[in-house]
Amino acid sequence: MDITSFTKNNWKNAFISSAVPDVCKKEPCVLGVDEAGRGPVLGPMVYGICYCPLKRHEDLKEAGVADSKTLKEADRERIFGIIDNKNDFVGWALEVISPVCISTNMNKRPKVSLNEISHNSAIGLIKQAIAAGVQVAEVYLDTVGPPEKYQAKLQQIFPTLKVTVEKKADALFPCVSGASICAKVARDKALAEWEFPEGIEIKNWGSGYPGDPVTKNFLLNSLDPVFGFPGIVRFSWSTAARIIQEKCVPMAWRDDEEEEEEKDTPSILEYFAAKRKAPDSKSNGVPAVKPKRHFFFTERCLNTVTDF
């Protein structure tokens with residue numbers, strides 16, 4: 001698997017895919033979705049899809065597909081090689097979601113939760129497969145959040161497809177197992193080939209999970225007191241945020257200061273009320289002071305509409 005499109009620009013998301021088999025453009029297909037790297041504080045989260053004709057769904061078992069978490073790295077690499085070589089009837093695609101993107105979205109206003117990031121990636125990959133000509137008929141996914149709500153959301157977006165969301169889907173459906181293996185292989189390669197644009201050289205960061213002592217040491221040793229962590233770290237994780245709060249130089253953000261200064265500003269509802277009258281002769285010629293705009297508007301770059 002070649003993931004240089006991500007490793008050379010690991011602060012951006014990357015899409016990687018196989019060619020679409022001709023048979024998948026002609027026959028109704030089953031498509032599985034799964035992810036790797038949801039929980040770690042380090043590295044990307046990878047979403048993957050694996051698809052094939054409905055009548056050949058069980059043939060994926062011949063490749064030895066299984067939940068990637070139950071397989072050793074060498075076995076995952078071997079099975080991915082088999083899946084990739086079955087390009088006469090099997091296709092796959094991946095979105096490698098940068099840790100910078102994860103942190104930016106989870107810290108922005110309004111915040112984008114990890115569940116929403118996951119949903120958007122899964123939906124985007126399904127749409128890409130359909131746009132590429134895959135005759136998707138059935139979709140199987142491991143759940144993210146309550147299964148019933150996730151399934152209803154997907155069914156509304158894809159009303160012509162049969163959508164099934166289940167817990168442990170990667171152990172139940174071969175296409176989801178295939179997607180799980182593709183995603184895990186890509187994430188392992190992304191970490192193994194990680195290049196630090198910050199110029200640091202650290203190779204051992206453990207499993208990447210917050211509870212791993214080696215990972216904790218990496219977080220402490222790679223921290224800059226002003227600039228924080230390198231881009232491999234998900235700043236939005238509570239583990240990382242706590243270390244920043246304890247070890248980094250204290251900072252005051254401008255929007256926080258403005259919020260304090262503007263406590264006495266008018267209610268937000270007043271901005272939708274009729275405009276105030278211009279000063280008249282009774283004001284003794286003193287021009288009216290233009291009130292400060294509420295930070296709700298300034299931080300979202302919103303302007304008053306004057307023309308319709």
Side-chain angles (χ1 to χ4, degrees), residues 13-18 20-21 23-39 44-57 60 65 67-68 90-98 101-184 186 236 300 302:
N13 294 1
F15 289 93
I16 305 163
S17 66
S18 69
V20 178
V23 67
C24 293
K25 297 179 180 180
K26 300 173 184 177
E27 298 183 11
C29 292
V30 60
L31 181 149
V33 184
D34 203 11
E35 52 77 26
R38 178 180 171 84
M45 178 171 68
V46 181
Y47 256 80
I49 60 172
C50 182
Y51 54 86
C52 68
L54 280 168
K55 64 183 183 182
R56 303 200 65 177
H57 190 193
L60 282 175
V65 296
D67 178 4
S68 66
V90 180
W92 55 269
L94 303 164
E95 182 182 16
V96 187
I97 305 172
S98 162
C101 175
I102 293 171
S103 297
T104 301
N105 277 280
M106 293 182 69
N107 286 327
K108 74 193 299 187
R109 292 185 178 179
K111 295 180 184 294
V112 181
S113 70
L114 190 63
N115 278 4
E116 189 172 352
I117 295 171
S118 299
H119 289 183
N120 291 342
S121 182
I123 292 165
L125 285 168
I126 297 169
K127 287 182 175 179
Q128 280 196 2
I130 294 172
V134 181
Q135 299 299 302
V136 181
E138 298 180 8
V139 178
Y140 295 89
L141 308 93
D142 203 352
T143 189
V144 178
E148 300 80 9
K149 290 185 178 180
Y150 190 21
Q151 181 163 321
K153 178 180 180 178
L154 291 168
Q155 197 67 76
Q156 186 175 20
I157 296 171
F158 304 105
T160 62
L161 307 183
K162 176 188 174 184
V163 178
T164 301
V165 177
E166 286 196 28
K167 295 179 180 178
K168 306 296 183 182
D170 47 3
L172 299 174
F173 308 107
C175 59
V176 182
S177 300
S180 173
I181 289 169
C182 293
K184 182 60 176 172
S236 51
R300 291 168 173 78
L302 298 177

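We count residues from 1, following the sequence as given.
Taken to the nearest 0.5 Å, the SG atom of C29 stands 10.5 Å off from the NZ atom of K55. With rounding to the nearest 0.5 Å, the separation of CG in L125 from CD1 in I130 is 11.5 Å. Taking CD1 of I102 as the start and CG of N105 as the end, the distance is 9.0 Å to the nearest 0.5 Å. Note that CD1 of I117 is 10.0 Å distant from CD of E95, once rounded to the nearest 0.5 Å. Distance check, rounded to the nearest 0.5 Å: OH of Y51 to CD of Q135 gives 11.5 Å. A distance of 13.0 Å separates OH in Y47 from CG in L94, rounded to the nearest 0.5 Å.
H119 places a side-chain N or O within donor-acceptor distance of the main-chain N or O of V144, the cut-off being under 3.5 Å. Side-chain atoms of T143 do not come within 3.5 Å of backbone N or O of V165 as any donor-acceptor pair. Judged purely by atom type and a 3.5 angstrom limit, D142 uses its side chain to pair as donor or acceptor with the backbone of K168. Without hydrogens or angle criteria, Q151 side chain to V163 main chain gives a donor-acceptor distance under 3.5 Å. Side-chain atoms of Q128 do not come within 3.5 Å of backbone N or O of I123 as any donor-acceptor pair.
The shortest side-chain heavy-atom distance between P44 and I97 does not fall under the 4.5 Å cut-off. A heavy-atom distance below 4.5 Å is found between the side chains of I126 and F158. Contact check for V30 versus K162: no side-chain heavy atoms found under the 4.5 Å cut-off. Using a 4.5 Å cut-off on side-chain heavy atoms (C-beta onward), T164 and E138 make no contact.
Closest non-hydrogen pair, M106 versus S236, comes out as SD-OG, 3.5 Å. Between C175 and L31, the shortest heavy-atom contact is SG-C, 3.9 Å. Across all non-hydrogen atoms, the minimal contact from L114 to M45 is CD1-CE, 3.9 Å. The minimum heavy-atom distance between L141 and A169, with the atom names listed, is O-CB, 3.4 Å. Between G48 and A183 the shortest heavy-atom distance is N-CB, 4.1 Å. Counting all heavy atoms, side chain and backbone alike, A179 lies closest to C50 at N-CB, 3.5 Å.
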